[in-house]
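Keep in mind that the numbers below use all heavy atoms, side chains included, and drop hydrogens, waters and symmetry copies.
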Amino acid sequence: MQGLILAAGMGKRLGELTSENTKCMVEVNGVTLIDRMLHQLEKLHLSRIVIVVGYEGKKLMDYIGTLDIQTPICFVNNPVYDKTNNIYSLSLAKEYLVKEDTLLLESDLIFEDSVLDILLEDSRESLVLVDKYLSWMDGTCVKIGPEDTIESFIPKHNIDFRDMSQLYKTVNIYKFSKNFSETHYVPFLEAYTKALGNNEYYEQVLRVIAVLDNPEIKVKKLSGQSWYEIDDIQDLDIAQSLFAPDDGMKLASMHARYGGYWRYPGLLDFFYLVTPYYPPKQMVDEIKANFELLLTQYPSGMNVNSLVAARNFGIKKEHIVVGNGAAELIKCFMEMVTGKVGFIRPTFDEYPNRYSEKDSVFYVPEREGFAYTTEDLTAFFADKGISTLILVNPDNPTGNYIAKEGVGTLIEWCKEQDITLVVDESFLDFAEDERATLFTEEKLAQYKKLIVVKSISKSYGVPGLRLGVLASSDNVLIAELKRRVSIWNINSFGEFFMQIAGKYSQDYQAAIQKFKKARKIYIEELSKIPALHVFPSQANYVMAEITNGVTAGELTKLLLTKHKILIKDLSTKIRMGGRQFIRLAVRNERENEQLVTALREELD
C-alpha cells in the first residue's frame with residue numbers, strides 16, 4: 001500500500017501564516033502538519049508516499065527532506081495550483097493510483113493515529129472515512145444507506161441543515177484499492193475533468209460513482225476518534241487544544257476558552273452550570289420558528305427589555321435592569337461601589353475580581369465544607385467597617401445555602417448597620433426552599449440598599465442567550481446602571497426568550513422538580529465512591545473532596561483525556577493544606593451516571 005497526500009493548495013484563509021509557506025507547514029503546538037502526518041504514515045510501512053505539491057512547492061520539498069522519513073517519497077508538481085482545484089492535483093497522480101492500493105489524504109488534516117488504524121483494520125478494500133456531521137465542519141457530506149453504502153454525496157452548498165442528524169462529514173481520508181482505482185475512480189476522473197474542467201473537487205467523482213449499481217466503495221464511520229481540518233486561524237486554535245502535547249496543556253487550553261465547547265466533539269461539560277431539563281422542546285421550536293425574524297431585526301432598547309423583565313418577575317420596571325448575562329451587571333455595579341466590601345470565600349469570583357483587593361474583606365468559614373450561617377456572617381463582619389456585603393445564595397462552589405429566615409435576619413442586620421446587601425440568587429431556584437426569592441416588590445421595599453442579582457442563563461438553561469437581571473428599590477441606582485450599559489446590550493433572541501417565558505412557567509417548575517430528583521440520586525451515587533467526600537448542596541452543582549491521595553488536577557486531566565469529561569478543579573479557589581476539592585455540575589440522569597462511572601474507574 002502507498003500513501004498519497006494532496007498538498008498543492010495556497011491556504012489563503014490562514015492569512016500571514018501561509019504568506020510564504022504552504023498550508024501543511026503550519027505548526028500545531030510546534031509541529032507542522034506535514035511532519036506529523038508523514039511520521040504517522042511512516043509507522044504503516046508503506047511502499048512509498050506520493051505528495052502533490054504546488055504553492056511554495058520547492059520550499060515544501062526542501063523541508064520534507066529535513067524530516068528523516070525513511071519511506072520513499074515521490075513528488076508530483078501542480079504548476080497551475082492557483083487556477084485549479086484538487087481534482088486536477090489528484091489527476092496528476094492518477095498513474096500512481098492504478099499501481100497499488102492507496103491511502104489518500106489531504107495535507108491540512110490533523111488526527112490521532114487510531115484514525116488510520118481503524119481504516120486499515122477494516123477488511124473492506126475501498127472506504128470513505130466519515131464522522132457524524134457537527135456545526136464546526138465544512139465541506140462535502142454523505143448520507144449513508146444500508147450496509148454502509150453511500151446513499152448520496154452532498155456538496156457543502158447543497159446541505160439541508162434540517163437533515164443534519166442524518167449527515168456524515170467526509171474526513172478527507174480514503175482507502176482506494178488498486179482495482180477500484182483502475183475500474184472506477186481513474187476512468188471517471190478522466191471523464192469528469194474532460195467534461196467539466198479542472199476547477200472542481202475530487203469528491204465530485206465519488207458522487208458520480210456512488211449512484212452506480214455497484215460502486216465498490218463504502219463508508220467507514222469514526223467512533224469518537226479526534227481529528228480536525230485546518231482552514232483558518234480559528235481551526236488552528238481549536239487544533240492546538242485538541243492535540244495539546246500533554247494533558248496539563250490540554251486542560252489549561254480548554255479552561256482558557258470559557259465555553260464554546262460545542263466545537264469539541266463528544267465533550268461532556270460538567271464544568272459550567274445550567275439547568276438540564278429546560279427549556280422545553282416546544283419553547284425551542286417557537287424560537288426556531290422565529291429565527292429568521294429575530295436574526296434580521298434589531299432588538300428593543302433597555303426601556304422595553306426592562307418592562308419585559310419587570311412583567312416576568314412582578315417588579316416595577318424602574319426597579320430592574322437586564323444585562324448581557326449577570327456578569328455584565330456585576331461588572332457595572334462593582335465599578336460603582338466604594339468603601340470596604342465583604343466577601344465570603346470560596347465564592348463566585350466575578351464579584352471580588354471586580355474590586356480592589358485592598359478594600360476587600362474576606363471571610364473564610366471554618367466549618368466543614370465551608371458552611372456558614374447568618375450568625376457567622378454578622379459576627380465576623382460586625383467590626384470590619386464594610387459598606388457592602390456580597391452573598392451568593394446558594395454559594396458557588398460550596399452549595400452552602402441560607403434559608404429565607406436567615407436571609408431575612410441578614411437584611412435586618414445590614415439595615416441596622418447601613419450596609420448595602422447584594423444577594424446573588426442565580427442558583428436559588430434549585431433550593432428546596434421554593435419561595436425564598438427576594439425578587440418581589442415586597443422584599444425589595446423592605447430595604448433600599450438591598451440588591452438582588454439573578455443569572456437567567458444558569459437558572460433557565462440558556463447560557464448562549466447571555467441574560468441576567470438585577471433588581472433594587474433604589475431608582476437612582478437602577479437608572480445609573482441602565483445608563484452605564486449599552487442601549488442594545490440584549491440581542492433579539494434574548495429579548496424574545498423573555499417575551500415568551502411566561503407561557504412556559506409551568507414547564508419551568510416541572511423541570512426544577514425533575515432536577516431535584518436527579519440531584520438527589522446523583523449525590524447518593526457520588527457518596528458511594530469511597531474516595532469522595534460529598535458535601536450537601538442546594539444548587540445545580542456539588543462540591544466534593546478527594547480523599548485517596550489523587551489530586552484534583554490529576555483527576556481533572558484523567559477525566560478529560562480518558563473520558564472526554566470536563567469538571568472544575570478547585571485548587572486555585574481553595575488552598576487548605578493540600579486538601580483536594582472539585583466541583584461537579586448536575587446534568588440529566590444519564591449524563592450524571594456517565595460521570596459517576598468515570599469517577600469510580602479513576603478513584604476506586
Side-chain angles (χ1 to χ4, degrees), residues 103-106 108-122 124 126-175 201-204 206-207 210 215 217-232 234-239 241-243 250 254 257 259-270 276 281 284 288 464 559-566 587-588 590-591 593-595 597-598:
L103 270 179
L104 171 63
L105 310 92
E106 294 194 20
D108 57 359
L109 296 171
I110 184 169
F111 48 85
E112 57 182 278
D113 293 351
S114 59
V115 167
L116 295 180
D117 293 339
I118 68 163
L119 196 62
L120 294 175
E121 290 166 2
D122 194 303
R124 293 172 294 181
S126 299
L127 294 167
V128 178
L129 193 62
V130 301
D131 201 2
K132 193 67 181 171
Y133 182 82
L134 297 171
S135 58
W136 62 267
M137 298 174 181
D138 185 30
T140 301
C141 290
V142 299
K143 281 189 176 181
I144 300 175
E147 299 180 352
D148 290 338
T149 56
I150 303 169
E151 186 176 295
S152 60
F153 269 86
I154 306 168
K156 64 179 181 179
H157 299 301
N158 294 339
I159 292 175
D160 185 344
F161 290 100
R162 292 172 297 183
D163 293 337
M164 198 167 154
S165 62
Q166 302 177 46
L167 297 180
Y168 287 80
K169 169 72 177 69
T170 53
V171 179
N172 295 331
I173 301 178
Y174 305 84
K175 182 171 72 171
Y201 295 95
Y202 65 81
E203 295 99 329
Q204 299 291 353
L206 290 172
R207 186 183 180 192
I217 189 167
K218 297 198 173 184
V219 297
K220 177 68 177 180
K221 289 180 279 190
L222 289 177
S223 55
Q225 294 80 7
S226 295
W227 69 281
Y228 223 84
E229 181 179 9
I230 299 176
D231 288 322
D232 54 38
Q234 177 179 270
D235 294 336
L236 182 59
D237 179 58
I238 297 288
S241 55
L242 270 177
F243 295 92
K250 183 173 185 177
M254 295 291 286
R257 304 190 70 82
Y261 296 139
W262 67 81
R263 297 183 178 94
Y264 296 84
L267 182 71
L268 196 51
D269 179 12
F270 277 85
K281 183 179 183 303
V284 173
K288 285 180 180 178
L559 290 174
L560 178 62
T561 55
K562 290 179 63 177
H563 304 275
K564 289 190 174 181
I565 295 174
L566 187 65
R587 295 177 64 97
N588 64 47
R590 177 182 57 80
E591 292 167 335
E593 190 176 321
Q594 283 182 252
L595 175 60
T597 300

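- Legend: residues meeting side-chain hydrogen bond (donor to acceptor under 3.5 Å, both in side chains) with Asp160, ordered by chain and number and at least two apart, are Arg162.
- Residues passing the side-chain contact (heavy atoms from CB on, under 4.5 Å) test with Gln594, sequence neighbours excluded: Leu268, Arg590, Glu591.
- Annotation for Asp131 and Val171: closest pair N-CG2, 4.0 Å, computed over non-hydrogen atoms.
- Put simply, the side chain of Lys221 never gets that close to the backbone of Tyr168: no donor and acceptor are under 3.5 Å apart.
- Note that the SG atom of Cys141 and the CD atom of Gln166 stand 12.0 Å from one another [nearest 0.5 Å].
- At a threshold of 4.5 Å between non-hydrogen side-chain atoms, the residues Leu595 and His563 do not count as touching.
- By the salt bridge (charged side-chain N to carboxylate O under 4.0 Å, His left out) test, Asp231 is found to be paired with Arg13, Lys23, residues two or more places apart in sequence or in another chain being considered.
- Every salt bridge (charged side-chain N to carboxylate O under 4.0 Å, His left out) that Lys220 has, sequence neighbours left out, goes to Asp122.
- Partners of Leu560 by side-chain contact (heavy atoms from CB on, under 4.5 Å), not counting sequence neighbours, listed by chain and number: Lys250, Leu251, Met254, Leu267, Leu566.
- The side-chain heavy atoms of Arg587 and Asp269, taken from C-beta on, include a pair separated by under 4.5 Å.
- The CZ atom of Phe270 sits 10.0 Å away from the CG atom of Leu559 when rounded to the nearest 0.5 Å.
- Atom-to-atom distance recorded for Ile110:CD1 and Ile238:CD1 is 12.5 Å, nearest 0.5 angstrom.
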Would you list the atom pairs, donor with acceptor, under 3.5 Å between side chains in residues 143-153 and any protein atom, with sequence neighbours excluded?
residue, atom, partner, partner atom, Å
Lys143, NZ, Asp163, OD2, 3.3
Asp148, OD2, Arg124, NH1, 3.0
Thr149, OG1, Pro146, O, 2.8

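- Annotation: side-chain hydrogen bond (donor to acceptor under 3.5 Å, both in side chains) contacts of Asp235 (sequence neighbours excluded): none.
- Atom CE of Met137 is separated from atom CH2 of Trp227 by 5.0 Å, given to the nearest 0.5 angstrom.
- The side-chain hydrogen bond (donor to acceptor under 3.5 Å, both in side chains) test applied to Lys132 returns no partner, not counting sequence neighbours.
- Annotation: ring-ring contact (aromatic ring centres under 6.0 Å, His included) contacts of Tyr174 (sequence neighbours excluded): Phe176, Tyr202.
- Annotation: the span from Asp108 atom CG to Leu236 atom CG amounts to 11.5 Å, rounded to 0.5 Å.
- For Ser223, the side-chain hydrogen bond (donor to acceptor under 3.5 Å, both in side chains) test picks out Gln225, with sequence neighbours left out.
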Please tabulate, one pair per line, all N/O donor-acceptor pairs under 3.5 Å involving side-chain atoms of residues 111-119, not counting sequence neighbours.
residue, atom, partner, partner atom, Å
Glu112, OE1, Ser114, OG, 2.8
Glu112, OE2, Ser226, N, 2.6
Glu112, OE2, Ser226, OG, 3.4
Asp113, OD1, Gln40, NE2, 2.8
Asp113, OD2, Lys43, NZ, 2.8

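- Separation of atoms CD1 (Ile217) and CG (Leu127) is listed at 7.0 Å; rounding is to 0.5 Å.
- Applying the side-chain contact (heavy atoms from CB on, under 4.5 Å) test to Lys288 and every residue at least two apart in sequence or in another chain returns Val284, Asp285.
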